[in-house]
Each structure stands twice: as C-alpha cells, then as structure tokens.
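Okay, structure first, notes after.
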Amino acid sequence: MKGLRILYDLTIAMMLMSMITACSSGDDTPEVEEGDAHIRLRLSTRSLSDDESNINTVSAATFGSDGTMLNFEEYAFNSSVAHTLTASINATELIVVANAHSGIFSGVTNKSEFMQALSDNQSLAYTTSTAGDNAANASTAYSQKATALPMIADTVFAESLQGKSSVNATLRLTRLVAKVQLSLLRVNLQANGVYPEAKFLPEEVFLYDAHDHYPLSSSSLIGVSGEYAASSATNYLGTGNLGYTLGGDKDYLSTSDAPIVFYVFPHGDSDPTRLVIKGTFYETSSSAGETVYYPVVINKLRYGSTITKGSTTYIYGNSYSNDSQIAANGFYSIRVAIGVKGANSPEGDVEKGVTVNTTVTDWTTSTLDAEFLPPLMVYDINEWTGGGYDTTI
C-alpha cells in the first residue's frame, strides 16, 4: 500500500508540472535568455478620435553605451495588445519610432546609422497614404493624410538594467513633422488705396523650399516645391486649383472655414520654407490678368506682422530667436491679408502691404510613463492629442 501511495503522489506531481508547463507555453511573453530583459510596449490610443495621433506601425530599437544596436523589432500596432520586446540587459537607450515606412532600418548596426536611415528613407511623401506604407499618391495635389505622421520617443536609461528593483522614467512621444495651417486669406487691395480697381483671384497655395525628408541638420537637404505641375512627385505639398470665384475685397478663406493644412519636416533659417499664395492679379476691370505670387516665410517676423508664441507677441523689430525656423512638433497657424501686387516668382519679396499674423504653439503631447522592472520592463506609451488655436487677423 505504501508503494501505491508513493506512485500516486508521483503521478499527481507529474500532472501538476505538466499543467504549469502548458500554462507557461501559452504566455505571449517570450522566454528570457540569460542576459536578456523584457520591454513591454503599451501604446494606447486612449480612445482618441484625433487622426493626427494615429499609430499604424512601431519600430523599436535598443542601444548599448557605445551606440551599438542590440535589439530591433518592427511590428503592426494593435491598441489592445501590449507588445513585448526582448532586450539585452546591457541596453542603455531605447528609441521608438511610430509610422516609419517598413524596412527603412534594414542593415542598421548602430544609433548613428539608425538616425541616418530615418533621414534618408523616411520620405514626407509617405504621409499621402492612410497607413504611411507607400507614396503612390504623391503626385496628387493636397493628398497628405493626418493618419500616418511619423513620431519618435527616445530615452536613456538612468540606471543599469541589471539587478535593479524598480526605476521610474518619463518619455515623450512627439511628431517628427510640423503642422502649417493657413486659416485666413483676405484680399484688401481696393481698401488699401494703391490699386482702387484691382482684384486678385487666389488659385493655389503651396509650400516652397520644404524638406521632403527628415533633416539631421538644417543644411543636409535641398528644398522642394509643391507648386502644381503635371505628374510632379511633390504635388502633395500644394492644393492644386482652389476653385475660388473672382471677387473684390473679401475673405477667400475665413476662420470659420476648414483651414488649408500641410505637414512638413523641420527647417532652419537658411533658405527657409515658404507658404506661397499663387493667383491672378487684375489691376483694373479691363486689364489682362497676370500670375503673381505672395511668398510668406513661415515663422518670420516681417514688416507689419506679428508672431504670437505662448503668452508673448513679437512685432517687427523685436528680437525673435526662432525667426524663419520650423520646429518638429510645432503648429504654425497663419493668417494673411493681401494689399499690394504680388511678386513674379515664389522667391520674390513682398512684405510691405501684406500682413501676416502667425500663432506658434506646440502640438499637445501626453507623457509616456515608463517603469523598469527587470527582467520585465514596462513602458506605457500613450499618444497625444492635436492642439492649438486660431484667432482672426
């Protein structure tokens, strides 16, 4: 009887071990090899309806103290699943890129190559597809989508991942692009008195000298133009024909209308990016029309204009450290009133008689709480809402 009892106990023990093994194999967390840690990425949409906060794909990489890339994963984002990365405990830094085009980090071995690959391969034209996975619509005017904006989060671990109990950190996921918005387009030619019979028909709005790839430095890329041309690969940076009807002095675009919006990569003040209004100028009711351009350097403190940033309003003649610069994750809301004849090219200079008021804000971001729990490290990555406001000129 004692022998049967021992056999019974062994059988029960084996069954319990089998059940434990079965439960373990059903866990979606990969096994941890010696020297590995887990980083669980929870990218939550927080039930937001804001398209500019949408995440389609995630590229995550860890790096050692010398910049060597230790781990890399690329996966489709699922808001209901916490994706778990396997990472070396020697990792000292984590970079997460959202909505990067698939495969752009292929062959990368270190942080420098990672950022260079982002610059070389992440074309702004990918924002013309809903999921950021192709540039097939780049030659279509005004085809950018708000649902595939590239974003990045970068953190350096404050402490080693080895043998630590709980280390708290904070990350911030921000967009790699800026938002440029034309919210008011007013024609004041007759009221200005210089051209008492003149009329102007706005026909197209486009970006000029814009970076179509993410710049690692302000001088690393040549600017492109979104002025419409048949089959042009940069038509997406312009509206094409606006379809307005010629009139006298009036608001062709008012603050109650849907604004004209472009997404663009950062740019320095050397050959700065311009928002250009193109159309036909009629000096009198009987004169032939003439194509003219009104180039507005984005975020430039120009004659007769203002820039409001935060609680400070700058006027012409003030010192403004960010003059003519576009920052990633910045929101530039522009209001334009035209009172003189335009230039004959997008590079022309038309300042006096054209009033430009710009409001500069940051797109609202939400903090990303990260908790390190070796060998399981938990990152709660939350995307942000769009933000900003608009006022009349």
Side-chain angles (χ1 to χ4, degrees), residues 51-52 124-125 127-130 135-147 179-192 195 197-208 210 224-264 273-296 298 332-346 348 350 354-358 390 392-393:
D51 286 345
E52 291 173 341
L124 191 62
T127 60
T128 62
S129 63
T130 302
N137 296 319
S139 60
T140 301
Y142 206 52
S143 56
Q144 284 186 300
K145 306 292 191 297
T147 55
K179 180 178 181 178
V180 176
Q181 171 177 296
L182 180 63
S183 53
L184 176 69
L185 175 53
R186 176 173 297 166
V187 173
N188 274 337
L189 287 166
Q190 296 174 8
N192 198 39
Y195 302 97
E197 297 182 40
K199 294 181 180 180
F200 172 68
L201 177 62
E203 295 168 335
E204 182 180 357
V205 176
F206 61 90
L207 294 179
Y208 187 82
V224 299
S225 171
E227 184 174 10
Y228 187 82
S231 303
S232 170
T234 55
N235 280 338
Y236 68 97
L237 292 175
T239 61
N241 195 307
L242 291 167
Y244 292 152
T245 301
L246 180 64
D249 285 359
K250 67 174 185 177
D251 290 354
Y252 280 92
L253 176 70
S254 73
T255 54
S256 61
D257 297 325
I260 294 171
V261 174
F262 298 106
Y263 302 103
V264 64
T273 301
R274 297 167 174 83
L275 180 74
V276 181
I277 300 161
K278 175 186 177 181
T280 304
F281 178 85
Y282 300 88
E283 188 166 333
T284 67
S285 57
S286 60
S287 62
E290 180 182 351
T291 298
V292 296
Y293 299 83
Y294 296 91
V296 175
I298 297 168
Y332 302 86
S333 181
I334 301 170
R335 300 169 299 283
V336 177
I338 293 171
V340 295
K341 183 180 179 180
N344 60 8
S345 82
V350 185
V354 177
T355 301
V356 179
N357 291 346
T358 303
D390 186 24
T392 56
I393 197 166

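Every value quoted in this text rests on a predicted model; they were computed, and no experiment measured them.
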### Task
Considering non-hydrogen atoms only, spot the tightest contact between Ala233 and Ala138 and give its length.
O-CB, 3.4 Å

### Query
Does a side-chain heavy-atom distance below 4.5 Å link Thr280 with Glu203?
yes

#### Entry: For Asn344, side chain to side chain contact (heavy atoms under 4.5 Å, CB included) partners two or more places apart
none

## Note on the structure
Those residues at least two apart in sequence (or on a different chain) that pass side chain to side chain contact (heavy atoms under 4.5 Å, CB included) with Glu227 are Glu204, Phe206, Ser225, Lys278, Tyr293, Pro346

### Summary
Here the pair of heavy atoms bringing Leu184 nearest to Leu253 is CD1-O, 3.2 Å

### Query
Val340: what forms a side chain to side chain contact (heavy atoms under 4.5 Å, CB included) with it, not counting sequence neighbours?
Asn192, Val350, Val354

#### Entry: Test item: Ile277 and Val336 side chains (from C-beta on) under 4.5 Å apart, heavy atoms
yes

#### Entry: Side chain to side chain, Arg186 and Arg335, heavy atoms closer than 4.5 Å
no

### Query
How far does NZ of Lys250 sit from NZ of Lys199, to the nearest 0.5 angstrom?
9.5 Å

### Query
Stepwise, does the side chain to side chain contact (heavy atoms under 4.5 Å, CB included) test hold for Tyr195 with Glu283?
CA-CA 7 Å; Tyr195 302 97; Glu283 188 166 333; 3.9 Å; yes

### Side chain to side chain, Thr140 and Asn235, heavy atoms closer than 4.5 Å
no

### Task
Pick out which of Ser287, Ser286, Ser285 makes a side chain to side chain contact (heavy atoms under 4.5 Å, CB included) with Glu197.
Ser285

### Message
Return the CG to CZ distance between Leu246 and Phe200, rounded to the nearest 0.5 Å.
### Response
10.0 Å

### Task
Report the residues that fulfil ring-ring contact (aromatic ring centres under 6.0 Å, His included) with Tyr142, sequence neighbours left out, ordered by chain and then residue number.
Phe262

### Query
Can you list the residues that meet the salt bridge (charged side-chain N to carboxylate O under 4.0 Å, His left out) rule with Asp249, with sequence neighbours excluded?
none

### Summary
In this structure, CG of Leu124 is separated from OG1 of Thr234 (nearest 0.5 Å) by 10.5 Å

### Task
Answer yes or no: is there a side-chain heavy-atom contact under 4.5 Å between Leu242 and Ile260?
yes

### Task
Compare every heavy atom of Ala343 with every heavy atom of Gly348, then report the nearest pair and how far apart it is.
CA-CB, 3.7 Å

### Query
Which residue pairs pass the salt bridge (charged side-chain N to carboxylate O under 4.0 Å, His left out) test when at least one of the two sits in residues 230-243, sequence neighbours left out?
none

### Task
With sequence neighbours left out, write down each residue that passes ring-ring contact (aromatic ring centres under 6.0 Å, His included) with Tyr236, or none if nothing qualifies.
none

## Note on the structure
Heavy-atom closest pair (Leu207 atom, Leu275 atom, distance to 0.1 Å) is CD2-CD1, 3.9 Å

### Query
Where the side chain of Ser254 meets the backbone of Asp251, is there a donor-acceptor pair that is under 3.5 Å apart?
no

### Message
Going by the rule ring-ring contact (aromatic ring centres under 6.0 Å, His included), which residues pair with Tyr252 if we only count those two or more places apart in sequence or in a different chain?
### Response
Tyr244

### Query
What residues, two or more places apart in sequence or in another chain, satisfy side-chain hydrogen bond (donor to acceptor under 3.5 Å, both in side chains) together with Thr291?
none

#### Entry: side-chain hydrogen bond (donor to acceptor under 3.5 Å, both in side chains) involving Lys341 - partner list, sequence neighbours excluded
Glu290

### Task
Could you tell me whether the side chain of Lys145 and the main chain of Thr128 form a donor-acceptor pair under 3.5 Å?
yes

### Query
Quick one: does Leu185's side chain get under 4.5 Å of Ile338's, heavy atoms only?
yes

### Query
Which residues satisfy the side-chain hydrogen bond (donor to acceptor under 3.5 Å, both in side chains) test with Thr127, sequence neighbours excluded?
Gln144

### Query
Which residues pass the ring-ring contact (aromatic ring centres under 6.0 Å, His included) test with Tyr332, sequence neighbours left out?
none

### Task
Of all the heavy-atom pairs spanning Ala210 and Leu237, show the shortest one and how long it is.
CB-CD1, 4.3 Å

### Shortest non-hydrogen contact between Gln190 and Ala198, atoms and distance
NE2-O, 3.1 Å

